[in-house]
Amino acid sequence: MSNGVNEMFVDLLDSHVGGVSETSDCLVAVDKGSLVWMTQLQSALQSTCPIGRGKKKLPMAPHARVRRAQKLAALLEGMALSEVIERVRLGKSDPHIACLDRALPSILKDKSMTEHLSSGAALTLAMEILDVLMVVYGSWFGRSKIDNARRERERACGALVKRMLAFKRRYPKLMVIRLDVGYGKQYAAQVDPSHEILDHWSDLLDAIKEGFETSFLGYAAKIEYGVRKGPHMHLMLLFNGSKVRQDVTIARLIGELWKNKVTKGAGLYHNSNEPNYKARFTHCGVGVFSGLDDATIAGFQRVADYLAKRDLLIRVAMPHVFRVLRTGLVLPPARV
């Protein structure tokens with residue numbers, strides 16, 4: 001495969017998944033309460049409006065409106081509107097929260113920014129928000145925000161699947177390993193996410209390249225942030241299955257490298273190549289693949305979609321991370 005195609009692949013991932021607009025000048029210290037609130041808000045809004053392309057009208061049954069307003073009101077109760085606005089604006093990278101941010105100015109006009117909302121006031125405000133939010137969701141702004149996010153994920157997922165298939169065609173026995181690596185709870189609460197996980201990932205990648213010099217083919221690494229987990233990464237590692245065996249053992253060896261050598265005992269990992277875990281999925285997308293059938297492609301799509309999904313908290317808690325999805329999936333020149 002030509003260098004031009006390889007460069008196009010990297011550009012595609014960088015522009016649609018990896019790139020974020022924040023710079024190191026806009027780092028914001030966010031407490032965990034705010035992060036929990038934003039994830040709950042995101043969930044509430046997603047269930048409120050699963051909008052699709054070109055869907056302009058969003059009817060909502062009265063009982064559903066009340067139920068969703070109550071869910072939203074539970075998040076607003078006891079808060080001052082100034083705090084609501086601050087948290088919403090921090091989470092604007094999420095398309096649903098961006099739509100809420102668009103709806104708020106007309107709703108909050110002439111309201112007190114400092115008075116804390118009672119349960120009744122929170123429910124009344126939630127009902128107002130839903131009414132205006134439905135208008136925003138049905139507008140060009142709302143449809144474009146939601147549809148662009150969906151297309152971004154689909155494009156990135158498609159690019160990853162195509163690259164996995166390219167490796168599979170080049171290497172008859174392709175080994176796919178999936179690991180989640182992070183930190184123990186106590187360490188996750190103390191770790192400075194600014195650089196440490198990126199440094200640890202660099203050290204792990206160097207160790208993999210050194211230990212599996214003749215068989216390691218490439219990787220995709222997705223950085224995420226969890227309220228309880230802190231910074232962590234989802235890894236997909238590709239190996240030449242003709243040169244190494246026992247994917248579960250190799251995955252375990254790499255996990256132990258992360259836990260004991262790279263993080264000096266502070267790390268944890270989850271091995272998705274364990275047989276009991278793989279058995280949970282019809283098309284798991286990990287293991288050694290000798291053939292290329294519909295089941296293999298479906299498995300690759302599941303892995304790629306997981307890596308391509310958007311993560312809200314990483315962009316709030318770690319805005320210095322310019323590339324959320326990092327890849328090293330460049331095919332070597334074909335043998336003549």
Side-chain angles (χ1 to χ4, degrees), residues 8-20 39 42-43 45-47 49-53 93-97 145-169 174-182 201 217-226 229 231-239 247 251 269-274 277-289 291-315 321 323-331:
M8 286 174 61
F9 168 76
V10 174
D11 290 344
L12 179 65
L13 289 178
D14 283 347
S15 65
H16 295 301
V17 177
V20 294
T39 59
Q42 181 190 47
S43 175
L45 295 179
Q46 286 176 340
S47 64
C49 185
I51 190 172
R53 179 183 295 181
S93 62
D94 177 80
H96 292 276
I97 298 179
K145 280 289 183 182
I146 304 300
D147 286 343
N148 285 344
R150 175 181 52 77
R151 284 193 293 265
E152 175 186 296
R153 180 173 178 173
E154 289 174 352
R155 282 192 291 260
C157 177
L160 280 172
V161 170
K162 287 180 181 178
R163 187 44 56 107
M164 293 175 74
L165 291 175
F167 272 91
K168 177 64 190 75
R169 294 186 181 102
L174 182 67
M175 179 184 292
V176 182
I177 285 175
R178 268 275 297 113
L179 281 172
D180 298 332
V181 297
W201 160 240
L217 302 176
Y219 68 89
K222 171 77 175 299
I223 308 172
E224 292 189 355
Y225 189 92
K229 291 181 178 180
H232 57 279
M233 299 185 78
H234 303 289
L235 309 179
M236 179 190 73
L237 308 170
L238 303 183
F239 292 83
D247 59 293
Y269 70 93
H270 170 73
N271 183 355
S272 296
N273 287 65
E274 290 285 355
Y277 185 80
K278 289 195 291 186
R280 294 167 52 185
F281 304 97
T282 304
H283 308 298
C284 68
V286 300
V288 179
F289 297 89
L292 183 54
D293 53 17
D294 291 343
T296 300
I297 296 172
F300 288 176
Q301 287 174 331
R302 194 190 72 82
V303 172
D305 188 60
Y306 187 73
L307 291 170
K309 70 183 178 69
R310 296 175 66 90
D311 178 54
L312 168 64
L313 296 189
I314 186 70
R315 301 177 188 276
V321 177
R323 290 187 296 133
V324 175
L325 178 60
R326 294 156 185 259
T327 60
L329 295 172
V330 178
L331 279 166

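FYI, side chains are in, hydrogens and waters are out, and symmetry mates aren't considered; it's all heavy atoms of this structure. Every value quoted in this text rests on a predicted model; they were computed, and no experiment measured them.
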Margin query: Using a 3.5 Å distance criterion without hydrogens, assess whether the side chain of Arg315 forms a donor-acceptor pair with backbone atoms of Ser93.
Written below: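 No, the answer is negative, given that no donor and acceptor are paired below the 3.5 Å cut-off.
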
Next item on the list: Would you check if the side chain of Arg310 reaches a backbone N or O of Asp94 as a donor-acceptor pair within less than 3.5 Å?
Entry: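 Checking the backbone N and O of Asp94 against the side chain of Arg310, no donor-acceptor pair under 3.5 Å is found.
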
Closest heavy-atom contact between [X] and [Y]?
X: Lys278; Y: Asn273; result: CE-O, 3.3 Å
X: Pro95; Y: Lys145; result: CB-O, 3.5 Å
X: Gly285; Y: Val303; result: O-CG2, 3.7 Å
X: Leu325; Y: Ala220; result: CD1-CB, 4.4 Å
X: Gly291; Y: Thr296; result: O-OG1, 3.7 Å
X: Ala304; Y: Val161; result: CB-CG2, 3.6 Å

Check: Does the pair Arg151 and Asn148 meet the rule for a side-chain contact (heavy atoms from CB on, under 4.5 Å), with working shown?
Finding: CA-CA 5 Å; Arg151 284 193 293 265; Asn148 285 344; 2.5 Å; yes

To the nearest 0.5 Å, tell me how far [X] [atom1] sits from [Y] [atom2].
X: Met164; Y: Lys168; atom1: CE; atom2: NZ; answer: 11.5 Å
X: Phe239; Y: Asp247; atom1: CZ; atom2: CG; answer: 10.5 Å
X: Tyr219; Y: Leu329; atom1: OH; atom2: CG; answer: 8.0 Å
X: Met175; Y: Leu238; atom1: CE; atom2: CG; answer: 11.0 Å
X: Tyr277; Y: His270; atom1: OH; atom2: NE2; answer: 4.5 Å
X: His234; Y: Asp180; atom1: NE2; atom2: CG; answer: 5.0 Å

Notebook entry, point to check: Only one of Lys309, His232, Arg326 forms a side chain to side chain contact (heavy atoms under 4.5 Å, CB included) with Lys222, so which one is it?
Noted result: Lys309

Notebook entry, point to check: Would Val181 and Trp201 count as a side-chain contact (heavy atoms from CB on, under 4.5 Å) if you check the C-alpha gap in whole Å, the side-chain angles of each, and the deciding distance to 0.1 Å?
Noted result: CA-CA 9 Å; Val181 297; Trp201 160 240; 6.0 Å; no

Margin query: If you count heavy atoms of other groups shown closer than 6.0 angstrom to CG of Asp294, is the number above 12?
Written below: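 It does not: Asp294 CG has 12 such atoms or fewer within range.
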
Note to self: Could you go through Glu224 and Leu313, starting from their C-alpha distance and side-chain angles, then the distance that decides it, and tell me whether this counts as side-chain contact (heavy atoms from CB on, under 4.5 Å)?
What the structure shows: CA-CA 7 Å; Glu224 292 189 355; Leu313 296 189; over 6 Å; no

Margin query: With a 4.0 Å cut-off on N to O distance, would you call Arg302 and Asp305 a salt bridge?
Written below: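 Not counted as a salt bridge, because no side-chain N and carboxylate O are separated by less than 4.0 Å.
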
Item checked: Any side-chain heavy-atom pair of Leu179 and Asn271 under 4.5 Å -> yes

Margin query: Please evaluate residues Asp311 and Val324 with respect to the criterion side-chain contact (heavy atoms from CB on, under 4.5 Å), reporting the C-alpha separation (whole Å), side-chain torsions for both, the decisive distance (0.1 Å), and the verdict.
Written below: CA-CA 9 Å; Asp311 178 54; Val324 175; 5.5 Å; no

